[in-house]
Amino acid sequence: QAKKVGGTGWARHTPVEAETLQRTRRLENDMRGALERGEFFLVYQPQVDLKTGTIVGAEALLRWQHPELGLVSPLEFIGIAEANGFICDLGRWVLEEACREAADWPSRYSIAVNVSVAQVARSTITQDVQYALQTSGLAPSRLHVEITESTFALDTARLLQDMTQLKTLGVVIALDDFGTGYSSLSYLADFPFDVVKVDQSFVRKLKDDAASRAIVHAVTGLATQLGMTVLCEGIEGEIEWRLLSAIGCQQGQGYCFGRPQPATAFREAIGVTPSGKAIPALRKG
Ligand code: C2E
Ligand code: MG
Ligand code: MG
Ligand code: MG
């Protein structure tokens, strides 16, 4: 849209828009080389059993350490990578890296990997997952594939087919950010999800908002009856932890239990030495 700029003539964008666009172009230009230069890395956030607070696994979250722009959030670059198709290569790298890391953990810990909308639509997700499992030696049941429900705005028939194929590999499938965006209760019945991740926006309002409590309660009841595990995101305080535990949510994730952390720090949290051996008796301090 053409906009009049201070009498000096026509510009297509305001200064702020131009700056955003320039940054987007920069990230888009740099991302392919960034993967080759090793600027992407994964951090791991604990997922816990809400009854005991015990770690049951981790979610792998992608980070980009840009040499000039610093740490860039996935909220900023995933969308760009989806738009230009780079998400396929990037997503493949994430799968392989996360599976390789988790293969060194004791087998009771799972690893959750985010899979993007466009990755499912554009790529060979089943083959990618199969390859990552084979090369890492990770047991399929330890891999949780987190799909964000905005995916459902796209080709649902194709998605159902991909999910069914993934299930035959033996991986666990989680519905991420449930309750936001294109949310619908019927997804829970129509797609073979094993885990429902209740979005952090509900968890944040839990203390003060009876409606949020009612929603989480209802979703937990429904998901449990359908045989799914409920995992609540964004648990920051013990009050929320207690509330969610009382509601009957089985698992949780959030700053209350641990921030996303480098692989070495997560290994320490689960008592694994850098060499990959489990420490017989975990000592602290
Ligand atoms: P997500 O999968 O829903 O991940 C949870 C986000 O919530 C993460 O943000 C995490 O750092 C943040 N979080 C965790 N606990 C708390 C808490 O207690 N309080 C608050 N306020 N936030 C918390 P992050 O790492 O910035 O990632 C944002 C989103 O980017 C992810 O949301 C996911 O959709 C996407 N993403 C991250 N890594 C990947 C990836 O490897 N592939 C794809 N396709 N998407 C990714
Ligand atoms: Mg996720
Ligand atoms: Mg989420
Ligand atoms: Mg999200």
Side-chain angles (χ1 to χ4, degrees), residues 31 34-35 39-48 50 55 57-65 71-102 110-123 125 128-129 132 143-151 154 172-183 193-207 219 230-241 244 251-263 265-266:
M31 54 176 59
L35 186 57
E39 291 168 16
F40 288 102
F41 64 101
L42 295 178
V43 287
Y44 298 84
Q45 184 176 35
Q47 297 185 326
V48 306
L50 281 185
I55 299 176
E59 176 176 7
L61 294 157
L62 188 56
R63 297 289 180 264
W64 179 3
Q65 185 68 54
L71 201 59
V72 188
S73 164
L75 296 173
E76 194 177 3
F77 66 78
I78 291 287
I80 302 171
E82 284 177 347
N84 68 13
F86 180 60
I87 191 67
C88 299
D89 288 338
L90 191 57
R92 227 172 267 132
W93 179 83
V94 171
L95 268 169
E96 287 167 31
E97 178 72 13
C99 289
R100 194 181 325 129
E101 172 61 26
S110 56
I111 177 73
V113 175
N114 290 285
V115 164
S116 145
V117 180
Q119 206 180 332
V120 175
R122 289 172 184 256
S123 79
I125 185 71
D128 294 351
V129 166
L143 177 62
H144 295 201
V145 175
E146 294 192 358
I147 302 174
T148 304
E149 65 180 354
S150 59
T151 310
L154 300 174
V172 170
I173 304 182
L175 174 56
D176 205 350
D177 300 340
F178 184 72
T180 62
Y182 299 87
S183 205
F193 289 109
D194 304 291
V195 178
V196 180
K197 295 190 76 175
V198 175
D199 191 68
Q200 52 187 52
S201 56
F202 298 104
V203 176
R204 196 164 308 136
K205 289 187 283 184
L206 218 55
K207 263 189 301 190
V219 170
V230 179
L231 188 157
C232 287
E233 303 186 87
I235 305 175
E236 295 187 354
E238 294 203 5
I239 296 175
E240 287 81 7
W241 177 6
L244 291 168
Q251 295 180 353
Q253 191 178 337
Y255 298 162
C256 183
F257 309 105
R259 301 234 166 199
Q261 52 203 263
F266 183 73

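In this text the structure is predicted, and so the values were computed from the model without any measurement. We count ligands from 1, going down the list as the structure has it; atoms in each ligand are counted the same way. Heavy-atom basis, side chains included; hydrogens, waters and symmetry copies ignored.
Using a distance-only test at 3.5 Å, with no hydrogens or angles considered, a donor-acceptor pair links the side chain of Gln261 to the main chain of Arg259. Side chain of Gln253 to backbone of Gln45: no donor-acceptor contact under 3.5 angstrom is found.
Per residue Asp176, closest N, O or S atom to the Mg ion (ligand 3): atom name OD1. With respect to the Mg ion (ligand 2), Glu59 has OE2 as its nearest N, O or S atom.
Side-chain contact between Arg63 and Pro74 is present, with at least one heavy-atom pair separated by less than 4.5 Å. Between Val113 and Val145, the closest side-chain pair of non-hydrogen atoms is not below 4.5 Å. Between Val198 and Asp177 the shortest side-chain heavy-atom distance does not fall below 4.5 Å. Between Leu42 and Val94 there is a side-chain heavy-atom pair separated by less than 4.5 Å. Between Met31 and Trp64 there is a side-chain heavy-atom pair separated by less than 4.5 Å. At a threshold of 4.5 Å between non-hydrogen side-chain atoms, the residues Thr180 and Ser201 count as touching. You'll find the side chain of Pro260 reaches within 4.5 Å of the side chain of Tyr255, heavy atoms only.
Any N or O atom pair closer than 3.5 Å counts here, and Gly254 shares no such pair with ligand 1. The shortest N or O to N or O distance between Gln200 and ligand 1 is under 3.5 Å. Between Gln45 and ligand 1, a contact under 3.5 Å exists for at least one N or O pair. No N or O atom of Gln253 sits closer than 3.5 Å to an N or O atom of ligand 1. For ligand 1, the polar-atom distance check finds no N/O of Ser73 at less than 3.5 Å from any of the ligand's N/O atoms.
Of the candidates Ile173, Val172, Val129, Leu143 forms a side chain to side chain contact (heavy atoms under 4.5 Å, CB included) with just one, namely Val129.
Near Val94, with a cut-off below 4.0 Å to any heavy atom, the atoms of ligand 1 are 41 (O). Residue Gly234 approaches ligand 1 through these ligand atoms, each under 4.0 Å from one of its heavy atoms: 16 (C), 17 (C), 18 (O). The ligand atoms of ligand 1 that sit less than 4.0 angstrom from a heavy atom of Leu75 are 28 (C), 29 (C). Heavy-atom proximity to Pro260, at under 4.0 Å, picks out these atoms of ligand 1: 11 (O). Applying the 4.0 Å criterion to heavy atoms of Arg204 picks out, from ligand 1, the atoms 21 (N). Remark: ligand 1 atoms within the under-4.0 Å shell around heavy atoms of Leu62 are 37 (C), 38 (N), 39 (C), 40 (C), 41 (O).
Not one N/O/S atom of Glu233, from backbone or side chain, sits under 2.8 Å from the Mg ion (ligand 2). Note on Asp177: not counted as a metal contact of the Mg ion (ligand 2), no N/O/S atom lying under 2.8 Å.
Ligand 1 has at least one atom lying under 4.0 Å from a heavy atom of Glu59. Ligand 1 does not have Gly91 within reach: every non-hydrogen atom of the residue lies 4.0 Å or more from it.
Only side-chain heavy atoms of Asp177 come within less than 4.0 Å of ligand 1; its backbone N, CA, C and O stay farther off. Contacts between Ile78 and ligand 1, counted as non-hydrogen atom pairs separated by less than 4.0 Å, involve the side chain only. In Arg259, neither the side chain nor the backbone holds a heavy atom less than 4.0 Å from any atom of ligand 1.
Distances from atom 35 (C) of ligand 1 to the heavy atoms of Ala60, Gly79, Pro74, Ala112 show the closest one on Pro74. Among Val43, Ile87, Leu61, Ile235, the residue whose heavy atom lies closest to atom 10 (C) of ligand 1 is Leu61.
Gln119 approaches Gly91 most closely through the heavy-atom pair NE2-CA, 3.4 Å.
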task = Evaluate the ring-ring contact (aromatic ring centres under 6.0 Å, His included) criterion for residues Trp241 and Phe257: first the C-alpha distance (whole Å), next the side-chain angles of each, then the deciding distance (0.1 Å), finally the verdict.
result = CA-CA 10 Å; Trp241 177 6; Phe257 309 105; 4.8 Å; yes
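Aromatic rings from Phe40 and Phe77 are positioned such that their centres are separated by under 6.0 Å.
For Asn114 atom OD1 and Glu146 atom OE1, the angle they make at the Mg ion (ligand 2) is roughly 90°, to 10 degrees.
Contact check on Lys197 versus Glu59 returns a salt bridge, with a Lys/Arg side-chain nitrogen under 4.0 Å from an Asp/Glu carboxylate oxygen.
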